[in-house]
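The shown structure was predicted, so the numbers you read here are calculated from the model rather than taken from an experiment. All heavy atoms count here, side chains included; hydrogens, waters and symmetry mates do not.
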Amino acid sequence: MKVASFVRVLVLALFSLVVSSSGIGNCDPTLGFTEVPLTEANFELQKPYDVPLEQRYIYVNGVHRFWVYADDKPHSITSLTQPRTEARIVGLDYSSGVWQFEGYAFVPNGTSGATVAQIHGAAHGNTTLLLRIYNGDMRYYSMDLIQTDLYDKWFKLNIIHDVDGGKVTVFIDGVQKFQSADKGPADLYFKCGVYGAPMNISYYMESRWRDIKIYKK
Ligand SMILES: *[C@@H]1O[C@H](CO)[C@@H](O)[C@H](O)[C@H]1NC(C)=O
Ligand SMILES: *[C@@H]1O[C@H](CO)[C@@H](O)[C@H](O)[C@H]1NC(C)=O
Ligand SMILES: *[C@@H]1O[C@H](CO)[C@@H](O)[C@H](O)[C@H]1NC(C)=O
C-alpha cells in the first residue's frame, strides 16, 4: 500500500538521520587538515640492535610489516627499554599546533602487550600517547579501553594531537573512541610498529601498516 511504503521510507530516513548525527556513522577526521607529503626519508626504522632489519621488517605491496620477539635486544646497545621494531616519523617533529597521524593497521591474533602506535615526547614523561593491543583490545597505555576485537582485521587509526589545546583524540574507522589531556609540549613525533609493554607481552608481536599519512592544521 502507498501509505505504508511512505511510512517505511520516512522511518528509514529518520533512522539514518539519527545514526549519522549520533556519530555511529563514519566521518573523516582529516577534514580541515592539510596533508604533509611523506617520502621514504621520513621513515626511520628501529629494530633490535643485533639483528639485520630484514629479520624484523619487510615492506611489500605498500604494506609495512613489523615484528619483534619478547627476548629481543633493545634498539640500541645502551638502551634499557623493551624490544621494538618501529618506524619513527623523522623530519616532522612538532612542538605546537595541531597534528594528525593516519594509517591502516592490522594486528594478528596472538600479539599482546604491544604498543602499535605512539606519540613520543612529552613535557612530563617520555610519551604523550601509547596505543597498546592487549588480547585484541586497544588500550591507552595499559589503562582505558579504546576498542575491542581488533585481531586479524584492517582498521583505520587516526590520532589528532592538538598541542595548543593540550589534548589527544583517537579515532578508529572514522569514529572518535578516546580523548585525553596530553602531557605538555616537547619535541614530539609519531611512531608505529611493535614495542613491548613492560608487562604481559606475548613472545611474538607483529603489526602491519599501510597508507601512513601525516596531516596538520
Ligand atoms: C585467536 O586465537 C585463539 C587461539 O587459537 C582462539 O581461541 C581465538 O578465538 C582467536 N581469536 C580471534 C579473534 O580470532
Ligand atoms: C624515560 O626514558 C628513559 C630512557 O629510556 C628512562 O630511563 C626513564 O625511566 C623513562 N621515564 C619514564 C617516566 O618512563
Ligand atoms: C597483567 O596480567 C595480569 C593477569 O592477567 C593482570 O592482573 C594485570 O592487570 C596485567 N597487567 C597489565 C599492566 O596489563
Side-chain angles (χ1 to χ4, degrees), residues 20-46 59 62-64 66 84 86-107 114-133 137-141 143-147 150 153-195 207-217:
S20 55
S21 59
S22 65
I24 297 168
N26 284 12
C27 72
D28 182 358
T30 67
L31 279 179
F33 283 77
T34 305
E35 189 177 342
V36 183
L38 295 178
T39 69
E40 245 176 76
N42 294 110
F43 292 81
E44 176 192 288
L45 293 159
Q46 302 176 345
Y59 182 58
V63 177
H64 305 264
F66 305 85
R84 69 185 73 210
E86 285 187 304
R88 176 234 200 272
I89 303 297
V90 284
L92 293 174
D93 290 22
Y94 60 94
S95 55
S96 64
V98 188
W99 290 76
Q100 179 166 184
F101 171 92
E102 177 178 84
Y104 289 80
F106 181 103
V107 181
T115 294
V116 295
Q118 60 166 294
I119 298 173
H120 192 277
H124 313 287
N126 292 326
T127 58
T128 291
L129 173 81
L130 294 188
L131 297 179
R132 291 199 189 128
I133 300 292
D137 300 337
M138 180 180 282
R139 290 183 179 274
Y140 173 71
Y141 296 84
M143 304 178 287
D144 309 55
L145 182 63
I146 296 175
Q147 175 80 40
L150 287 172
K153 60 181 75 152
W154 285 99
F155 60 91
K156 186 169 77 151
L157 175 71
N158 292 77
I159 305 168
I160 297 179
H161 190 183
D162 179 353
V163 188
D164 302 337
K167 61 177 193 278
V168 285
T169 311
V170 177
F171 301 77
I172 307 284
D173 291 329
V175 179
Q176 182 177 325
K177 293 289 180 178
F178 178 75
Q179 188 166 63
S180 167
D182 73 359
K183 297 178 188 174
D187 174 21
L188 300 157
Y189 51 85
F190 295 103
K191 303 182 82 175
C192 63
V194 273
Y195 171 39
S207 72
R208 302 173 203 164
W209 290 86
R210 61 177 169 80
D211 298 313
I212 296 166
K213 290 177 182 164
I214 302 291
Y215 297 85
K216 67 177 185 176
K217 246 183 189 161

Exercise. What class does the angle between the rings of Y140 and F178 fall in, given that below 30° is parallel, 30 to 60° is tilted and above 60° is perpendicular?
Worked result: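 Y140 vs F178 ring planes: tilted.
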
For this session: Specify whether F43 and H64 have parallel, tilted or perpendicular ring planes, treating 30° as the upper limit for parallel and 60° as the lower limit for perpendicular.
Result: parallel

Exercise. Is it true that K177 and D144 have a side-chain N and a carboxylate O under 4.0 angstrom from each other?
Worked result: no

If you take all heavy atoms of [X] and [Y], which pair is closest and at what distance?
X: S95; Y: A186; value: CB-O, 3.1 Å
X: V168; Y: A181; value: CG2-O, 4.4 Å
X: G193; Y: S207; value: O-OG, 2.7 Å
X: L188; Y: G121; value: CD2-O, 3.2 Å
X: N42; Y: G91; value: ND2-CA, 4.4 Å
X: I89; Y: Y189; value: O-CB, 3.7 Å

Just verifying a value: how many Å separate [X] [atom1] and [Y] [atom2], rounded to the nearest 0.5 Å?
X: L145; Y: Q147; atom1: CG; atom2: CD; value: 8.0 Å
X: Q118; Y: C192; atom1: CD; atom2: SG; value: 9.5 Å
X: Q100; Y: K217; atom1: CD; atom2: NZ; value: 8.5 Å
X: T30; Y: F101; atom1: OG1; atom2: CZ; value: 13.5 Å
X: I146; Y: R132; atom1: CD1; atom2: CZ; value: 11.0 Å
X: T115; Y: H120; atom1: OG1; atom2: NE2; value: 11.0 Å

Problem set entry | Check against side chain to side chain contact (heavy atoms under 4.5 Å, CB included), W154 and V63 | CA-CA 11 Å; W154 285 99; V63 177; 3.9 Å; yes

For this session: Would you sort out whether Q179 and I160 count as a side chain to side chain contact (heavy atoms under 4.5 Å, CB included), showing the intermediate values?
Result: CA-CA 9 Å; Q179 188 166 63; I160 297 179; over 6 Å; no

Exercise. Taking only residues two or more places apart in sequence, or in another chain, which ones meet D211 in a side-chain contact (heavy atoms from CB on, under 4.5 Å)?
Worked result: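 Scan of D211 (side-chain contact (heavy atoms from CB on, under 4.5 Å), adjacent residues dropped) gives Y104.
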
Exercise. Can you name the residues that form a side-chain contact (heavy atoms from CB on, under 4.5 Å) with K153, not counting sequence neighbours?
Worked result: D149

Exercise. Quick check, are the ring centers of F66 and Y195 under 6.0 angstrom apart?
Worked result: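 Between Y195 and F66, which both carry aromatic rings, the centre distance is not below 6.0 Å.
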
Problem set entry | salt bridge (Lys or Arg N to Asp or Glu O under 4.0 Å) contacts in which one or both residues fall within residues 182-194, not counting sequence neighbours | E86-K191

Exercise. Please walk me through it: do L92 and L38 pass side chain to side chain contact (heavy atoms under 4.5 Å, CB included)?
Worked result: CA-CA 9 Å; L92 293 174; L38 295 178; 3.4 Å; yes

Problem set entry | Candidate pair H161 and Y94, rule side chain to side chain contact (heavy atoms under 4.5 Å, CB included), full reasoning | CA-CA 10 Å; H161 190 183; Y94 60 94; 2.9 Å; yes

